[in-house]
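Just so you know, residue 1 is the first one in the sequence shown, and it goes up from there. This structure is a prediction, so every number in the text was calculated from the model and none was measured.
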Amino acid sequence: MLRGAIFDMDGTLLDSMPVWDHAGEQYLESLGIIPEEDLSRKLATFSMMEGAVYMKEKYDLPFQCEEIIDGVKDIVRECYHEKVPLKPGVREFLSKLKRFDIPMTVATATDLDLAEAALKRTGIDSYFTKVVTCQEAGTGKSQPDIFHLARSYMKTEIEDTWVFEDALHAVKTAKQAGYPVCALYDEANEAELEEIQRLSDIFLNNFAEENFQLVQDKLPVVLTIAGSDSSGGAGIQADLKTMTALQVYGMSCITALTAQNTRGISAVWEVPADFFEQQMESVFSDILPDAVKTGMLASGKQIQLTAGFMKKYHIKNLVVDPVMISTSGTRLLSEEVMEMMKEELFPLAKLLTPNLPEAEFLTGMSICDRTTREEAAKRISERWGCAVLCKGGHDQDNADDLLYDNGKCYWMSAKRIENPNTHGTGCTLSSAIAAYLAKGDSLQEAVRKAKEYMTGAIGAMLDLGEGNGPLNHMWDL
C-alpha cells in the first residue's frame with residue numbers, strides 16, 4: 001500500500017538525462033581531453049563528488065574535486081534554470097498523491113542548488129517534504145542510504161514507501177533494500193530496459209498512463225472511535241451513516257454500548273480496555289484510515305490507547321469531538337478522565353469541535369457574543385496547538401460556527417432551523433468533517449461542506465420517536 005513516495009528527479013520527474021548524459025564529456029572536452037566511450041554510463045551511478053573523484057584520478061586532472069564539480073555544474077546550470085521540462089503526467093500525479101495526504105520526498109544525485117532550482121522553476125517544489133541528495137546521504141544510489149534517509153523525513157515504513165526511479169542501478173538497490181518500486185521509462189536507459197521491467201513492481205512509460213491504478217481508485221477511509229447508540233441517532237451509527245452518505249469507507253472502534261432512545265439513556269456498558277485495544281489493533285494493522293474521528297471515550301485507558309495509536313501510525317487528520325459536557329451543562333466524564341483527554345489527546349488533534357459549554361469549561365471564561373467566542377477559540381488553539389471549531393448550536397439567535405485556524409477566525413454562518421429533533425448533531429458534524437478531510441479537502445473547506453451537509457440533515461425534518469429525535473442522514477441520497 002502506498003503510504004509514502006520517494007522520487008528520483010532526473011529521468012523520472014524531469015526530462016533532464018540528456019543534459020547529464022554528456023555534461024561530463026563536455027567538461028573534459030572543454031579541457032582538450034577525449035573522454036572514454038562509456039563515461040556517461042559510469043558517471044550515472046555516482047554522486048557528483050564520486051564522479052569528480054573518478055574523473056580526477058582517471059584523467060589526472062590538476063584540479064580539486066570541488067572545482068571539477070563547479071565546471072560540470074556550469075554546463076548544466078543554464079539548462080536546469082531555463083530549459084529542463086517535466087515528464088508527461090508528473091504534475092497531475094503529484095497532485096493526486098497530495099489529495100490523499102501522502103508524503104513525498106525527492107532523492108537525487110544532483111546537487112541541491114540545481115535540484116531546487118529545477119523543481120521551483122517547474123512549479124512542483126511545494127509537493128515535497130524534503131529534497132535529499134547523495135551528498136547528504138554520503139553515498140550514491142548503489143547503496144540504499146539515500147532512500148532510508150528520504151524515508152526518515154516522512155516517518156513511513158519500508159514496505160509502504162514506493163520508490164519511483166528510471167535507472168537500473170537505483171531500481172536494483174531499492175528492491176534489494178525492501179522498497180516497492182515503480183520504474184519509469186527513460187530513453188537514457190533503453191539498453192537496460194528489459195532488466196528494469198523485470199525488477200520493478202510497476203513499470204510505466206510515463207505518469208500519464210491511463211492504466212496506472214496505484215492510488216487513483218483508492219476509496220478514502222475514516223475511522224470513528226465512539227460509543228454505540230442503540231436507537232441509531234448518534235454515536236457510531238450516526239458516524240457511519242454520515243460517512244456512507246459522503247462516499248467514504250467507514251470503520252469503527254466501539255468504546256461503550258448504550259441502551260438509549262429519543263427519550264434518553266437507560267444503561268451504559270463500557271467496553272473493557274483490552275478488547276478496545278484489540279479492536280484498534282485489528283483496524284490499524286490492516287486498513288489504515290485517512291482520517292479519524294473520536295466521540296465518546298469512556299475511560300482514561302481508552303484515551304491513552306487512542307493517543308498511542310494516533311502517534312504510532314502518524315495520523316494527521318484527527319478530529320476530536322470532546323464529549324465532556326452535555327447541552328444542559330452536565331459533566332459526562334470524571335475530572336481525572338477529562339484532564340487526561342486534554343493532556344494526551346487534544347495535542348494530537350487537527351481539529352477540536354467543542355460546543356459552547358465545553359468551550360467555556362476549557363477556557364474558564366463566559367461566552368456571550370462573537371468577541372468572547374473568538375477569544376475562547378484562540379485560547380484553546382494556543383493551549384493545545386490545533387484548530388478549533390467552536391460550535392454555535394447552543395446560540396439562540398443563529399447557528400453560526402467559528403473556525404479558528406492558524407491565528408485566523410472564519411465564521412460559518414447558517415440560519416437556525418426550528419426543528420426539535422437534533423439528536424446526534426455533534427457526532428454528525430465531526431464525522432462529516434473527517435470524511436471531507438479524508439477526501440483531500442482543506443480544513444476550512446471540510447468544515448464548510450460538513451456544515452452544509454448537517455444543515456440539510458436537520459432541515460429534512462425527520463420525525464421519529466417521542467423525544468429528541470434523530471437527523472435524516474440520507475437526506476441528499
Report task. Decide, yes or no, whether a salt bridge links D8 with K141 under the criterion of side-chain N to carboxylate O below 4.0 Å. Result -> yes
Query raised in the report: Which atoms form the tightest heavy-atom contact between A118 and L14, and what is the distance?
Result: CB-CD1, 3.6 Å
Query - For K175, salt bridge (Lys or Arg N to Asp or Glu O under 4.0 Å) partners two or more places apart - result: D201
Query raised in the report: Salt bridge or not for K87 and D186, using N-O below 4.0 Å?
Result: yes
Query - Under 3.5 Å side-chain donor-acceptor pair for H423 and T262 - result: no
Query - Considering all heavy atoms, the nearest V320-A349 contact - result: CG2-CB, 3.7 Å
Report task. Could you go through the ring pair (Phe, Tyr, Trp, His ring centres under 6.0 Å) check for Y127 and F7 one step at a time? Result -> CA-CA 11 Å; Y127 289 106; F7 289 90; 9.6 Å; no
Query raised in the report: Of the non-hydrogen atoms in K301 and A273, which two are nearest, and what is the gap between them?
Result: CG-CB, 3.3 Å
Query raised in the report: In terms of side-chain geometry, is the basic nitrogen of R448 or E452 positioned less than 4.0 Å from the acidic oxygen of its partner?
Result: yes
Query raised in the report: Strictly by modelled atom types, are E270 and T255 linked by a side-chain donor-acceptor pair under 3.5 Å?
Result: no
Query raised in the report: So do the side chains of L184 and E165 get within less than 4.5 Å of each other, counting heavy atoms only?
Result: no
Query raised in the report: Restricting to pairs with a member in residues 230-283, which pass ring-ring contact (aromatic ring centres under 6.0 Å, His included), not counting sequence neighbours?
Result: none
Query raised in the report: Between D400 and R370, is the closest basic N to carboxylate O distance under 4.0 Å?
Result: yes
Query raised in the report: Charged N to carboxylate O below 4.0 Å: is that the case for D321 and K391?
Result: yes
Query raised in the report: Do you know which two heavy atoms are closest between M341 and I303, and how far apart they sit?
Result: CB-CD1, 3.7 Å
Requested in this report: Decide if atom NZ of K172 counts as having more than 12 heavy atoms of other residues, nucleotides or ligands within a radius under 6.0 Å.
Outcome: no
Query raised in the report: Salt bridge check: are E194 and R198 linked by an N-O gap of less than 4.0 Å?
Result: no
Query - From I124, V131, T133, residue fulfilling side chain to side chain contact (heavy atoms under 4.5 Å, CB included) relative to V106 - result: V131
Query - Residue pair E336, S334: steps toward the side-chain hydrogen bond (donor to acceptor under 3.5 Å, both in side chains) verdict - result: CA-CA 5 Å; E336 180 183 359; S334 69; 5.2 Å; no
Query raised in the report: Is the gap between the ring centers of F309 and H314 under 6.0 Å?
Result: no
Requested in this report: Can you label the angle between the F346 ring and the W384 ring as parallel, tilted or perpendicular, going by 30° and 60°?
Outcome: perpendicular
Requested in this report: Take atom CD of Q197 as the centre, draw a 6.0 Å sphere, and report whether it contains more than 12 heavy atoms from other residues, nucleotides or ligands.
Outcome: yes
Query raised in the report: Just wondering, are more than 12 heavy atoms of other shown residues or ligands nearer than 6.0 Å to CD in E445?
Result: yes
Report task. Using distance alone, with no hydrogens and no angle criterion, decide if T258 and D229 have a side-chain donor and acceptor under 3.5 Å apart. Result -> no
Requested in this report: Evaluate the side-chain hydrogen bond (donor to acceptor under 3.5 Å, both in side chains) criterion for residues T161 and T156: first the C-alpha distance (whole Å), next the side-chain angles of each, then the deciding distance (0.1 Å), finally the verdict.
Outcome: CA-CA 6 Å; T161 306; T156 54; 2.6 Å; yes
**Report entry** Y153 six-ring centre to K130 NZ/CZ under 6.0 Å and within 45° of normal
**Finding:** yes
Query - Within 6.0 Å of CD in E92, more than 12 heavy atoms from elsewhere - result: yes
Report task. Give every residue pair that meets the salt bridge (Lys or Arg N to Asp or Glu O under 4.0 Å) criterion with at least one member in residues 234-255, sequence neighbours excluded. Result -> D239-K293
Report task. Considering only NZ, NE, NH1 and NH2 on the basic side and carboxylate oxygens on the acidic side, decide whether R383 and E343 come within less than 4.0 Å. Result -> yes
Query raised in the report: Should we count CG of D369 as having more than 12 external heavy atoms under 6.0 Å?
Result: yes
